[in-house]
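Notes follow once the structure below has been shown.
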Amino acid sequence: MIVYHPSKVRNVVLLGHSGSGKTTLAETMLFESGAISRRGTIEEGNTTSDYNEVEKDKLKSVYSSFMNLEWRGHKINLIDTPGTTDYSGEVLGALKVADTAIFVLDAEHGVEVGTEILWNYARKYKTPSFFVINKIDHPNADFQRTLDLARELFGRHVVPVQYPYNEKGDFNAIIDVLKMTMYEFPKNGGKPDKLPIPDSHKAQAELLHNELIEAIAENDEVLMDIYFEKGTLGENEMRQGMRNAMTNGDFCPLFCASALRNMGSGRIMGFIDNVAPSPMQTHPDNSKNGKAVDINPDEKTAAFMFKTVSEEHVGDLMYFKTITGSMKPGIDLVNHSTGGMNRIGSLFLTQGHKRIEVPEIKAGDIGAVVKLKDAGVNDTLHEKGYECVIDPVEYPEPTIRAAIRTHDQANEEKLGAALNQIQREDPSLSIEHSQELKQIIISGQGEEHLAMVKHRLSSRFKVDVEYYKPGIPYRETITKAVRSHYKHKKQSGGAGQYAEVYMLVEPLMEEMPEYNDITVRKTDEIDLPWGGKLVFRNCIVGGVIDNRFMPAILKGIMDKLENGPMSGSRARDVRVSVYDGSMHAVDSNEAAFKTAGTMAFKKGFLDANPQLLEPTYKVEISIPAEFMGDVMSDLATRRGQILGMDSEGSFQTVTALVPLAELYRYATHLKSKTQGRGTHTRTFDSYTPVPGDIQDKVMKETAKLEEA
Ligand code: GDP
């Protein structure tokens with residue numbers, strides 16, 4: 001394959017619900033273009049796109065895969081993506097580098113769950129998009145119903161360019177209202193005959209043709225004038241008009257196909273090379289400071305890294321899009337985020353699992369490189385002295401959280417290394433080694449996402465794991481001021497230990513009271529690593545406690561804050577004033593004062609109406625209206641506090657504050673209660689007081705654990 005100028009490159013991502021036929025459509029396009037000589041099928045597990053063992057097992061895509069083909073002098077890069085929201089990390093990476101999105105809809109099932117979410121992603125990236133209603137041959141296919149639904153959900157910008165002449169088992173012809181032609185396919189698909197539109201369809205085709213032209217000209221004054229004057233548009237005007245309207249998000253043409261029977265893919269590829277924008281014609285990627293970076297092959301070189309896969313024996317394969325200049329083996333590029341240098345090695349295009357070495361990958365094009373020294377997903381690499389940086393992909397907040405452990409302790413270290421590797425490849429996954437909970441917490445985009453991690457750990461890293469309920473990072477604080485006293489005295493043989501401390505323990509607030517009998521000599525304000533503050537005041541007068549023992553008292557308090565007096569969780573937001581005490585000339589030392597500090601603080605804390613706090617999340621739930629009642633009453637049982645409601649099309653959104661403790665497996669629960677159609681997002685909001693009965697329960701559990 002030769003090197004292409006960006007004007008001849010088309011980067012296309014296939015989006016749509018799992019099972020709508022994306023992989024089959026990609027296979028058909030590759031076959032029709034001559035890129036492959038035999039069409040694989042999902043059932044036989046030999047498609048170009050679903051080459052991974054996991055994908056063959058599951059009969060569906062779980063990673064995005066990269067293919068390319070040549071069509072009439074253009075290079076089309078095709079990115080096949082997994083359909084469910086569990087793999088949105090893969091989808092967002094692909095959308096970031098694509099210049100056109102094809103939404104594949106299923107004529108049997110209509111517009112399915114998840115397509116709306118993908119649609120919103122594409123809107124966010126302003127990716128010019130078009131639709132293909134696939135499976136027109138299916139016994140239950142219904143083109144019109146699917147089109148109506150698409151227009152209802154995605155707006156009237158969805159305009160048919162084609163409709164099937166016949167559907168279901170008889171399907172063999174498509175009426176194209178842009179070309180005003182009928183395409184009739186041979187029995188086994190492939191290249192169609194171009195026939196005049198049959199009389200019985202002429203009126204309908206005419207009507208749709210005019211609607212199409214109006215939709216193209218609608219947002220373009222010059223075109224509108226031409227259209228009014230001549231009653232039609234020329235081919236060049238149409239092409240330019242369609243491209244502009246697509247790029248502005250005002251026009252989403254719709255095609256139809258049977259990928260399985262190889263009917264319709266040629267016309268789709270023709271539309272891609274003829275109308276879909278080249279990388280130079282779409283909205284440019286923005287740099288960090290908001291300045292646009294245009295695709296330009298004549299600049300110095302910069303490339304954006306958007307996906308990495310680790311393959312045995314070869315190491316990490318990094319996929320990139322060249323933004324400016326040209327990627328060539330042997331050039332040295334700086335990683336903008338780390339400053340590290342990378343020498344570029346061999347460059348590849350990939351056709352599923354197959355790699356094709358190429359001499360150069362110009363601006364606008366997508367390729368892969370092995371063994372980069374210092375580069376991760378979302379990094380921009382550029383020539384030294386040439387400042388260029390592309391905004392990173394932003395992944396959605398995880399919606400599911402679980403603790404993970406190995407079946408046997410011997411594998412624990414292996415688990416850490418394997419999880420690191422998996423996270424490098426999939427930044428939409430978050431892994432936390434929580435010191436506080438003494439657990440490894442893994443957070444992902446859904447049940448299936450976590451199941452996939454488990455599968456990969458077992459098949460690729462030979463580590464078997466199980467998920468279990470994760471702990472809650474509670475916090476502790478107090479609600480009233482108390483004075484506390486502790487005398488630590490030990491006289492058992494040899495050297496004794498002696499320390500006595502008086503302290504005032506108070507909840508930290510914006511306005512703090514002062515006291516006549518307490519003279520403040522020194523104040524330390526400490527930001528606690530787990531959030532909140534400790535204000536520590538030395539109020540000792542007359543030298544009753546030596547200055548050199550104050551750090552030990554503080555250390556004693558810090559220890560107790562880290563291992564809270566109520567439940568062993570982190571404590572926060574207290575002011576401690578040490579105002580009296582006593583020493584012994586021989587037996588007082590740092591260890592003794594540390595103990596006295598800990599004990600006086602613990603006693604004071606427990607007397608000061610302690611309060612357990614829990615992490616609370618702002619949750620946005622999106623559900624079809626008919627499930628509203630169920631979801632609301634379920635939220636009430638989860639101690640949810642409703643903040644607002646909104647409706648968007650046939651969907652309702654509910655925003656609520658919900659404690660993390662009540663969100664365990666919520667994504668899965670919501671899916672099962674809403675026939676798979678409900679989704680939610682969550683972001684940490686604040687720490688809020690835990691109700692009394694739950695606080696008692698947590699404290700009892702802690703006491704039990706301590707005893708054990
Ligand atoms: P993806 O998950 O969107 O990539 O969908 P696949 O390409 O894996 O297809 C899902 C299933 O639909 C497979 O069993 C395909 O054989 C089948 N399929 C794909 N395209 C068509 C089509 O045009 N007609 C029919 N009848 N089945 C199709």
Side-chain angles (χ1 to χ4, degrees), residues 12-32 36 38-67 78-88 90-91 94-95 101-115 117-119 122 131-143 146 162-174 183 185-190 192 254-268 352 448 452 676:
V12 179
V13 59
L14 290 162
L15 299 174
H17 187 261
S18 175
S20 55
K22 298 178 293 296
T23 303
T24 311
L25 184 63
E27 191 74 3
T28 301
M29 286 160 89
L30 291 173
F31 177 73
E32 271 306 285
I36 56 172
R38 188 176 169 273
R39 269 199 316 147
T41 66
I42 303 296
E43 285 67 22
E44 288 171 73
N46 58 352
T47 58
T48 313
S49 171
D50 285 352
Y51 59 87
N52 201 285
E53 285 309 320
V54 183
E55 298 179 315
K56 288 183 192 170
D57 277 4
K58 291 190 167 258
L59 295 186
K60 66 178 190 186
S61 322
V62 297
Y63 306 109
S64 44
S65 68
F66 297 80
M67 293 151 285
L78 269 185
I79 314 174
D80 184 16
T81 60
T84 65
T85 49
D86 281 69
Y87 305 110
S88 30
E90 291 283 316
V91 173
L95 257 173
I102 304 183
F103 281 85
V104 181
L105 305 180
D106 184 334
E108 181 194 3
H109 297 296
V111 181
E112 293 166 279
V113 190
T115 315
I117 296 170
L118 297 170
W119 175 256
F131 288 83
V132 173
I133 299 187
N134 185 37
K135 300 196 188 178
I136 301 290
D137 66 286
H138 194 278
N140 300 325
D142 190 337
F143 172 84
T146 311
Q162 302 182 325
Y163 68 92
Y165 172 68
N166 43 12
E167 57 184 7
K168 305 196 169 65
D170 298 334
F171 174 63
N172 74 337
I174 291 173
Y183 295 110
F185 297 90
K187 193 164 162 285
N188 294 323
L254 179 139
F255 296 79
C256 56
S258 161
L260 192 66
R261 290 194 184 173
N262 189 14
M263 296 178 182
S265 69
R267 177 75 176 93
I268 294 168
E448 207 176 291
M452 181 55 56

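Hydrogens, waters and symmetry mates play no part in the numbers below; they use all other heavy atoms, side chains included. Every number for a ligand or one of its atoms is a count from 1 in the order of the listing.
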Query raised in the report: What about T23: any of its N or O atoms under 3.5 Å from an N or O on ligand 1?
Result: yes

Query raised in the report: Any N/O of A257 closer than 3.5 Å to an N/O of ligand 1?
Result: no

Query raised in the report: Out of N140, D137, L15, who gets a non-hydrogen atom closest to atom 24 (N) of ligand 1?
Result: D137

Query raised in the report: Purely on distance, is any nitrogen or oxygen of K135 under 3.5 Å from one on ligand 1?
Result: yes

Query raised in the report: Hey, does I136 come in under 3.5 Å of ligand 1, counting only N/O atoms on both sides?
Result: no

Query raised in the report: What atoms in ligand 1 come closer than 4.0 Å to a heavy atom of H17?
Result: 3 (O)

Query raised in the report: Purely on distance, is any nitrogen or oxygen of R261 under 3.5 Å from one on ligand 1?
Result: no

**Report entry** Which segment of T24 sits under 4.0 Å of ligand 1 when only heavy atoms are counted
**Finding:** both

Report summary line: Heavy atoms of T28 and S265 approach each other most closely as CG2-OG, 3.4 Å

Requested in this report: May I ask you to decide whether K22 forms a salt bridge with D80, counting only side-chain N to carboxylate O separations under 4.0 Å?
Outcome: no

Report task. Please confirm whether G19 comes within less than 3.5 Å of ligand 1 when only nitrogen or oxygen atoms on both sides are compared. Result -> yes

Query raised in the report: Does L25 reach ligand 1 with a nitrogen or oxygen that is under 3.5 Å from one of the ligand's nitrogen or oxygen atoms?
Result: no

Query raised in the report: Under 3.5 Å between some N or O of ligand 1 and some N or O of N134?
Result: yes

Requested in this report: Using a strict cut-off of 4.0 Å, indicate which atoms of ligand 1 neighbour a heavy atom of K22.
Outcome: 1 (P), 2 (O), 3 (O), 4 (O), 5 (O), 7 (O)

Query raised in the report: So, N134 versus D106: side-chain donor-acceptor pair below 3.5 Å or not?
Result: no

Query raised in the report: Can T41 be said to touch ligand 1, with heavy atoms closer than 4.0 Å?
Result: no

